[in-house]
Enquirer: 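First the structure, which I've put down as structure tokens, then a few questions once you've had a look.
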Amino acid sequence: MRILAIETSCDDTGIAILEADSSGSFKVLANVIASQIKVHQKYGGVYPAMAKREHQKNLTPVLIDALKQAKLLNQKLKIKSSKFKKIEKILEREPELFKKIIPFLKKYGKPDAAGPDGGGIDLIAITNGPGLEPCLWVGVNFAKAISYFWDIPIVAVNHIESHILVNYLNKKEIKLPAIALVVSGGHTQIILMSGTGKYTILGETRDDAAGECFDKAAKILGLGYPGGPIISKLAENIEPKGTLPRPMISTKDYDFSFSGLKTAVLYAWQKIKKENSEFFGSSQKTHQLQAEFSAEVQQAIIDVLLKKTIKAARDYKAKTIILGGGVSANHELKTQMLIKIKEEMPNTEFLFPEIDHSTDNGLMTAIAGYFHKTKKIVWQKLEAKSNLRIS
Ligand code: KG4
Ligand code: ZN
């Protein structure tokens with residue numbers, strides 16, 4: 001079967017096309033992402049209204065790219081134009097998207113593979129939550145429009161689950177129970193997975209997410225957006241001294257708190273700036289201070305993530321530890337987790353996504369869609385749910 005997946009929960013517009021055979025082997029036919037980093041960089045964070053507008057602009061060209069890559073762009077038109085009126089109604093809140101999709105639907109037919117196999121798209125997978133509400137709705141309405149127009153069923157997908165299930169890309173089986181640490185810009189959760197679709201949230205952040213903490217720390221340091229990749233790059237080869245607090249590291253639960261760390265970062269950085277005021281500015285020494293402090297921030301975040309994840313894995317006798325979400329792109333986090341798991345739980349397998357599949361993308365949505373392929377819904381029933389929970 002072929003799944004077309006759409007992901008717009010935050011600031012990346014992602015569309016993927018995945019082919020799955022009956023044994024559960026996947027072949028990625030396309031995985032296209034339009035990043036909005038340049039748009040949000042100026043403001044040091046994601047503005048939902050702006051992100052929504054960008055998704056409206058990006059979705060149709062990203063879909064065309066994905067269909068082209070998958071060799072499914074169909075030049076033969078068979079669909080009656082009477083359907084356009086309804087598309088206008090479905091996209092009444094997305095005028096920019098409507099303007100872009102109509103010429104596309106007029107020019108190309110329902111996706112269809114050339115050659116002897118033929119066939120097209122069997123299922124549309126769409127992230128309907130959690131995420132930024134206006135962004136989710138653009139994707140949801142886009143999915144509704146093409147589902148209606150091409151008469152393809154829809155399956156709604158949870159974004160957090162997608163970050164976990166992307167680890168199935170090159171793996172037929174994951175040994176259960178598993179403990180998943182999902183760390184992104186909006187979430188930090190420790191999840192017990194007892195089956196695909198069977199999850200219990202054991203703990204989560206009580207305030208900021210780990211990725212948000214990276215982003216805010218980078219802003220305080222004047223480093224730009226998104227903070228995670230910048231901080232991790234600067235921190236390379238620097239040994240942290242452990243100067244920052246590790247909030248909630250010793251509590252008996254599996255919860256986190258990063259807002260206190262952010263405040264500590266603010267005060268500590270102000271102090272460093274004051275102490276070095278005679279040369280603070282554009283000098284090489286400032287860069288060195290930023291790099292050293294980045295290593296401190298990164299290690300403080302890693303320490304708490306690691307401690308609580310290992311604790312959960314031990315308590316629940318996990319056979320696998322799964323890492324997912326944008327922060328799983330962090331090289332130091334993966335390295336330290338790998339070492340710790342080898343030392344303390346040598347029989348536990350550690351899974352993490354390839355770097356390109358760590359941050360938001362359509363492929364993770366497609367894989368989650370595959371596992372829920374029997375839960376098809378009609379497009380009229382689809383809704384965005386910004387606070388959707390995995391359990
Ligand atoms: O999963 P994601 O793409 O979007 C959400 O669902 O939120 O995660 C984005 C987050 C951002 O906060 C970003 O700073 C962080 O992932 N991130 C990283 C790295 N790359 C991205 N954090 C730490 N180290 C990285 N290398
Ligand atoms: Zn995400």
Side-chain angles (χ1 to χ4, degrees), residues 10-11 35-48 50-51 183-188 205-251 255-308 325-337 358-359:
C10 191
D11 61 338
S35 164
Q36 302 181 8
I37 285 180
K38 285 217 164 67
V39 178
H40 300 291
Q41 236 158 16
K42 282 179 261 169
Y43 309 94
V46 179
Y47 277 80
M50 220 176 281
V183 263
S184 69
H187 294 85
T188 303
T205 182
R206 297 183 181 176
D207 39 58
D208 294 351
E212 201 177 346
C213 190
F214 271 108
D215 295 337
K216 286 181 176 167
K219 202 171 177 177
I220 292 168
L221 293 172
L223 292 174
Y225 177 85
I230 306 171
I231 287 190
S232 64
K233 183 95 194 77
L234 276 178
E236 269 171 23
N237 305 318
I238 298 179
E239 193 61 45
K241 297 191 175 74
T243 53
L244 288 168
R246 270 71 172 151
M248 294 186 71
I249 195 160
S250 300
T251 58
D255 283 349
F256 301 95
S257 166
F258 290 107
S259 78
L261 178 57
K262 177 191 65 190
T263 313
V265 164
L266 179 67
Y267 290 135
W269 186 242
Q270 278 173 350
K271 191 160 169 263
I272 291 171
K273 271 168 96 173
K274 214 168 169 185
E275 284 167 1
N276 298 284
S277 56
E278 75 277 10
F279 61 77
F280 212 88
S282 56
S283 74
Q284 181 64 29
K285 188 100 193 284
T286 309
H287 179 81
Q288 182 60 23
L289 288 172
Q290 284 172 322
E292 282 166 8
F293 199 70
S294 291
E296 297 300 335
V297 174
Q298 176 172 269
Q299 195 57 48
I301 297 172
I302 291 176
D303 280 351
V304 272
L305 294 177
L306 223 62
K307 177 90 187 285
K308 297 262 166 141
V327 181
S328 73
N330 189 283
H331 180 72
E332 202 51 40
L333 172 64
K334 286 181 281 194
T335 308
Q336 293 188 27
M337 255 179 120
S358 290
T359 45

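Since we're looking at a predicted model, the values are computed, not measured.
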Enquirer: For Ala209, is there any backbone N or O sitting under 3.5 Å from a side-chain donor or acceptor partner on Glu212?
Expert: yes
Enquirer: What class does the angle between the rings of Phe280 and Trp269 fall in, given that below 30° is parallel, 30 to 60° is tilted and above 60° is perpendicular?
Expert: perpendicular
Enquirer: Are the side chain of Glu296 and the backbone of Gly242 linked by a donor-acceptor contact shorter than 3.5 Å?
Expert: yes
Enquirer: Return the NZ to CG distance between Lys216 and Leu266, rounded to the nearest 0.5 Å.
Expert: 11.5 Å
Enquirer: Could you give the distance from CD (Glu275) to NZ (Lys271), rounded to the nearest 0.5 Å?
Expert: 4.5 Å
Enquirer: If you round to the nearest 0.5 Å, how far is CG of Asp303 from CD of Gln298?
Expert: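 The CG atom of Asp303 is 10.5 Å from CD of Gln298, to the nearest 0.5 Å.
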Enquirer: What closest approach, in Å, do His331 and Thr335 show between heavy atoms, and which atom pair accounts for it?
Expert: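 Taking every non-hydrogen atom into account, O-OG1, 2.7 Å.
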Enquirer: Kindly indicate, with the supporting measurements, whether the criterion side chain to side chain contact (heavy atoms under 4.5 Å, CB included) is fulfilled by Asp11 and Tyr225.
Expert: CA-CA 12 Å; Asp11 61 338; Tyr225 177 85; 3.7 Å; yes
Enquirer: With side chain to side chain contact (heavy atoms under 4.5 Å, CB included) as the criterion, how do Met248 and Arg206 come out once you've worked through the C-alpha distance, each side chain's angles and the decisive distance to 0.1 Å?
Expert: CA-CA 10 Å; Met248 294 186 71; Arg206 297 183 181 176; 3.4 Å; yes
Enquirer: On a heavy-atom basis, which atom in Ala51 and which in Cys10 lie closest, and how many Å separate them?
Expert: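 In terms of heavy atoms, the two residues are closest at CB-O, 4.1 Å.
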Enquirer: For residues Leu261 and Pro245, report the shortest heavy-atom separation together with the two atoms involved.
Expert: CD1-O, 3.5 Å
Enquirer: How close do Ile249 and Val304 get, counting heavy atoms only, and between which atoms?
Expert: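 Closest pair (atom of Ile249, atom of Val304, distance): CB-CG1, 3.6 Å.
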Enquirer: Please lay out, stage by stage, how Ser232 and Glu332 fare under the test side chain to side chain contact (heavy atoms under 4.5 Å, CB included).
Expert: CA-CA 8 Å; Ser232 64; Glu332 202 51 40; over 6 Å; no
Enquirer: What closest approach, in Å, do Gly227 and Ala218 show between heavy atoms, and which atom pair accounts for it?
Expert: CA-CB, 3.4 Å
Enquirer: Parallel, tilted or perpendicular: which fits the ring planes of Tyr47 and Tyr43, with parallel below 30° and perpendicular above 60°?
Expert: perpendicular
Enquirer: Any side-chain to backbone donor/acceptor pair from Thr188 onto Ala210? Under 3.5 Å, distance only.
Expert: yes
Enquirer: For the pair Ile301 and Asn330, evaluate side chain to side chain contact (heavy atoms under 4.5 Å, CB included) and give the outcome as yes or no after the intermediate values.
Expert: CA-CA 11 Å; Ile301 297 172; Asn330 189 283; over 6 Å; no
Enquirer: Phe293 versus Leu234: any side-chain heavy-atom pair under 4.5 Å?
Expert: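 They are not in contact (no side-chain heavy atoms under 4.5 Å apart), so the answer is no.
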Enquirer: So do the side chains of Lys262 and Val265 get within less than 4.5 Å of each other, counting heavy atoms only?
Expert: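 No, too far: nothing below the 4.5 Å cut-off.
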Enquirer: Roughly how far, to the nearest 0.5 Å, is the CD1 atom of Ile302 from the CE atom of Met337?
Expert: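 Those atoms lie 10.0 Å apart.
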Enquirer: Among Thr205, Asp208, Thr251, Asp207, which one satisfies side-chain hydrogen bond (donor to acceptor under 3.5 Å, both in side chains) with Ser257?
Expert: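 Result for side-chain hydrogen bond (donor to acceptor under 3.5 Å, both in side chains) with Ser257: Asp207.
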Enquirer: Quick check: closest heavy atoms across Ala235 and Ser294, and the distance to 0.1 Å?
Expert: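 For Ala235 and Ser294, the tightest heavy-atom pair comes out as CB-C, 4.0 Å.
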Enquirer: What do you reckon, is CD of Gln284 surrounded by more than 12 foreign heavy atoms closer than 6.0 Å?
Expert: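 No, because the 6.0 Å sphere around CD of Gln284 holds 12 heavy atoms or fewer from other groups.
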Enquirer: Quick one: pull up CG in Leu306 and CD in Gln299 and give me the separation to the nearest 0.5 Å.
Expert: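 That separation rounds to 8.5 Å.
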Enquirer: So, the side chain of Thr263 versus the backbone of Ser259: is there a donor-acceptor pair under 3.5 Å, distance only?
Expert: yes
Enquirer: Pick out which of Lys285, Gln290, Glu292 makes a side-chain hydrogen bond (donor to acceptor under 3.5 Å, both in side chains) with Gln288.
Expert: Glu292
Enquirer: Counting only heavy atoms not in Glu239 (residues, nucleotides, ligands), do more than 12 fall under 6.0 Å from its CD?
Expert: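 Check fails, neighbour count at 12 or below.
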Enquirer: Are the side chains of Tyr267 and Ile220 in contact, using a 4.5 Å heavy-atom criterion?
Expert: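 Result no, sub-4.5 Å side-chain heavy-atom pair not found.
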